[in-house]
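Below is one structure, written out as structure tokens; comments come after it.
For ligands, and for the atoms within them, numbers begin at 1 and follow the listed sequence. The model shown is predicted, which means the values in this text are computed figures rather than measured ones.
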Amino acid sequence: MKTLLKNGTLITASDTFQSDILIEDEKIARLGLNLEVDSDQRIDAAGKLILPGGVDPHVHLDLPMFNTVSSDDHYTGHKAAAFGGTTTAMDFIPLTPPPHPVGEGQRGEGDFQYSVDLWMKKAEKAAIDYSFHMNLTQFNDRIAKEIPSLRGMGIQTLKVFTAYNGRLRIDDGSIFRAMQIARDNGMLVMAHCENGDVIETLVGKALAAGHTSPEWHALTRPGWGAIDATLRVAGLAAESDASVYIVHMNMGGEVDMLKYARERGVKVMGETCLQYLFFTIDDLRRPDGAKWICSPPMRTEKDNARLWEGLRDGILQTVGTDHCPFFLDGTKPIIYEGREIAIAGKELGKDDFTKIPNGLPGIQDRLPVLWTQGVGTGKISANQFVELTSANPARIFGLYPRKGSLLVGADADIVIWDPQKKVSYGVSKSHQRTDYNLYEGWELKGYPEKVFLRGKLIVDGDEWKGKRGDGKFLKRGEGEIL
Ligand code: DUC
Ligand code: ZN
Ligand code: ZN
């Protein structure tokens, strides 16, 4: 199957240039001006931009939380991603104990192979390409010894948490040892940076004082905790000589800590997520404040502004989403693909902010919103947009140049982007399986027109041409340090 894309303007992380593209089967076969080749399909992209498909480094699909589950699975979340121009997504595998002890593990201890098998099964319905990170939420000698086995499963990345005491957090000594193992095995440690001890203390006090509303989610997770944890994790990276990637950076001070460490040669990189560029604690104070509950929480306008600077100046390397949607009111069904569906959501915490499932939608919103708000306003260039949303995540996570590039030989994951298309955005335009959208009523300019996954047209305007099972698991190799 040959597809010829004519007359487009290609945008990569480093260049903007005119070229035709010949796609042969799943790959980009040729680039050049005035390509004339017999093809099965010819598309005129005059006046349009051609971007490599987006790579979202941070999503949570079908994730059990607080007696419910994130409301997009590996089909619906991927379909939404594709409509927003994203063709690769990476989600996190919870380290899960098998029903019966296996190997040398004790009852209740997580097992890597079991956890990976579980997630592979869930992802059989994938509609775009995908890979996984492993949550390292327990640590002992057996687990330490087994970490390198993850590479054979195509998983190169471990996520550690400095918060969620007694649940997801491991202590700093264990994080340090994990970093040493990662360093010795060409793996990357990803870190969720908040101060778990401070959070536990403040949450207990807030509940005892009868504070139940969503804003207390932010008030009990102070920004200084994110800053101190960022510096601590950067320190552990320096002391172990490991490569580290700090996820969902949300505080201006975290950007400053990252800059401090990077200027001193520490191999630490940073991601922010779309929502932290726009929203603040004031959104949690609205009557529908539960919509904005995620961890870490929304901060202030000054933090929004510093994160934008971090993107512009190359202190931060990526923009992800932390896509982890829940219904605002999971007692009322929505229609998805012609069927009614309702999944318990934020209403679970209507009387107690600690019971509101943490997370929000964004996998479809990321590219169109960032384009309008970033490129459209001159805060970042079109090349930086591609770098932050596609090329850098592909490089850091060992997928470049197969993903994140428009080079000959790369997977033909291609977005034909209409820079003039105006969209009044919101839930009616979204394929995210939830009942709200954070960008409701936002006027966007610039939107995906056609999206190809490995040469197959999966989104054509408003039409879905993809299907369950189109997505492939990507075994990742060692990534780059940017
Ligand atoms: N934060 C969220 O808000 N949801 C899922 C996981 C996370 O770190
Ligand atoms: Zn996290
Ligand atoms: Zn997350």
Side-chain angles (χ1 to χ4, degrees), residues 56-73 77 81 89-95 119 130-137 157-165 167-170 175 188-196 199 203 214 216-218 220-221 223 225-226 229-230 233 244-251 254 269-276 279 281 283-284 289-299 318-328 343 345-346 348-349 353-363 365-366 393 397 432 434 436 438:
D56 192 334
H58 189 156
V59 308
H60 300 278
L61 302 169
D62 209 354
L63 177 69
M65 191 193 296
F66 296 7
N67 295 322
T68 184
V69 64
S70 60
S71 59
D72 266 324
D73 63 22
M90 304 181 206
D91 79 325
F92 293 79
I93 304 182
L95 179 54
W119 237 249
Y130 62 97
S131 71
F132 298 132
H133 312 296
M134 175 59 69
N135 282 351
L136 190 67
T137 49
T157 37
L158 304 166
K159 184 179 179 192
V160 298
F161 296 80
T162 60
Y164 303 109
N165 291 8
R167 288 183 286 155
L168 305 177
R169 181 178 180 181
I170 58 174
I175 292 178
L188 177 70
V189 173
M190 308 170 77
H192 174 123
C193 292
E194 292 185 282
N195 188 315
I199 293 167
V203 167
W216 285 90
H217 175 75
T220 54
R221 307 185 82 94
T230 295
V233 163
V244 172
Y245 174 96
I246 299 184
V247 293
H248 46 49
M249 295 183 66
N250 51 94
M251 285 293 297
E254 287 186 283
M269 301 173 275
E271 162 200 277
T272 189
C273 297
L274 190 66
Q275 57 274 17
Y276 298 117
F279 301 113
I281 185 170
D283 291 296
L284 279 88
K291 286 178 179 172
W292 283 269
I293 292 254
C294 65
S295 294
M298 304 303 161
R299 306 297 189 181
T318 68
V319 178
T321 59
D322 209 353
H323 178 80
C324 186
F326 295 94
F327 279 53
L328 178 64
I343 301 171
K346 307 255 183 190
L348 295 172
F353 71 92
T354 65
K355 297 196 166 57
I356 303 172
N358 285 204
L360 39 80
I363 202 168
D365 316 327
R366 184 178 66 133
F397 295 104
Q432 296 165 160
T434 178
Y436 75 97
L438 292 179

How does [X] reach ligand 1, if at all, at less than 4.0 Å between non-hydrogen atoms: by side chain, backbone, both, or neither?
X: Leu360; answer: neither
X: Cys294; answer: both
X: His58; answer: neither

Element-labelled atoms of ligand 1 that are located less than 4.0 Å from some non-hydrogen atom of [X]:
X: His192; result: 8 (O)
X: His60; result: 5 (C), 6 (C)
X: His248; result: 8 (O)
X: Gly359; result: 3 (O), 4 (N)
X: Lys159; result: 8 (O)

Return the closest protein heavy atom for atom 3 (O) of ligand 1 as residue, atom name and distance.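 Sorting protein heavy atoms by distance from atom 3 (O) of ligand 1 puts Ser295 N, 2.8 Å first.
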Quiz item: Tell me: protein heavy atom nearest atom 4 (N) of ligand 1, and distance?
Solution: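 Result: Asn358 O, 2.9 Å.
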message: With heavy-atom distances below 4.5 Å as the criterion, would you say the side chains of Leu360 and Ile293 are in contact?
response: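 Heavy-atom side-chain distance check fails, nothing below 4.5 Å.
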> Quick one: are Gln432 and Ile363 in side-chain contact, heavy atoms under 4.5 Å?
Replying inline: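 Gln432 vs Ile363: side chains touch.
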### Query
Yes or no on ring-ring contact (aromatic ring centres under 6.0 Å, His included) for His192 and His248, after CA distance, side-chain angles and deciding distance?
CA-CA 7 Å; His192 174 123; His248 46 49; 4.4 Å; yes
inquiry  = With carbon and hydrogen excluded and only N/O/S kept, which atom of Asp322 is nearest the Zn ion (ligand 3)?
reply    =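 Looking only at N, O and S atoms of Asp322, the one nearest the Zn ion (ligand 3) is named OD1.
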task: Would you please indicate yes or no on a ring centroid separation below 6.0 angstrom for Trp216 and Phe353?
output: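 No, ring centres 6.0 Å or more apart.
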- [ ] Please determine if Lys346 forms a cation-pi arrangement with Phe326, meaning its NZ or CZ atom is less than 6.0 Å from the six-membered ring centre and no more than 45° off the ring axis.
- [x]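 Lys346 over Phe326 ring: no.
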* Is the Lys NZ or Arg CZ of Arg221 less than 6.0 Å from the centre of Tyr164's six-membered ring, within 45° of the axis? ->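 Yes, a cation-pi geometry.
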For this session: Output yes when a side-chain donor or acceptor of Thr162 lies under 3.5 Å from a complementary backbone atom of Asn195, and no otherwise.
Result: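 No, because the side chain of Thr162 does not come within donor-acceptor range (under 3.5 Å) of the backbone of Asn195.
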message = Using 2.8 Å as the threshold, say whether any N, O or S atom from His58 sits that close to the Zn ion (ligand 3).
response =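 A backbone or side-chain N, O or S atom of His58 is under 2.8 Å from the Zn ion (ligand 3).
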Q) N/O/S atom of His60 under 2.8 Å from the Zn ion (ligand 3), yes or no? A)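 Yes, His60 qualifies, because one of its backbone or side-chain N, O or S atoms lies under 2.8 Å.
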| Metal site angle (apex the Zn ion (ligand 2)), NZ from Lys159 and NE2 from His248, 10 degrees |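 NZ of Lys159 and NE2 of His248 make an angle of 130° at the Zn ion (ligand 2), to the nearest 10°.
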Any luck finding a side-chain donor-acceptor pair between [X] and [Y] under 3.5 Å?
X: Trp119; Y: Asp91; answer: yes
X: Asp56; Y: His323; answer: no
X: Tyr245; Y: Thr157; answer: no

Nearest N/O/S atom of His192 with respect to the Zn ion (ligand 2), by atom name, please.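 Considering only N, O and S atoms, His192 comes nearest to the Zn ion (ligand 2) through ND1.
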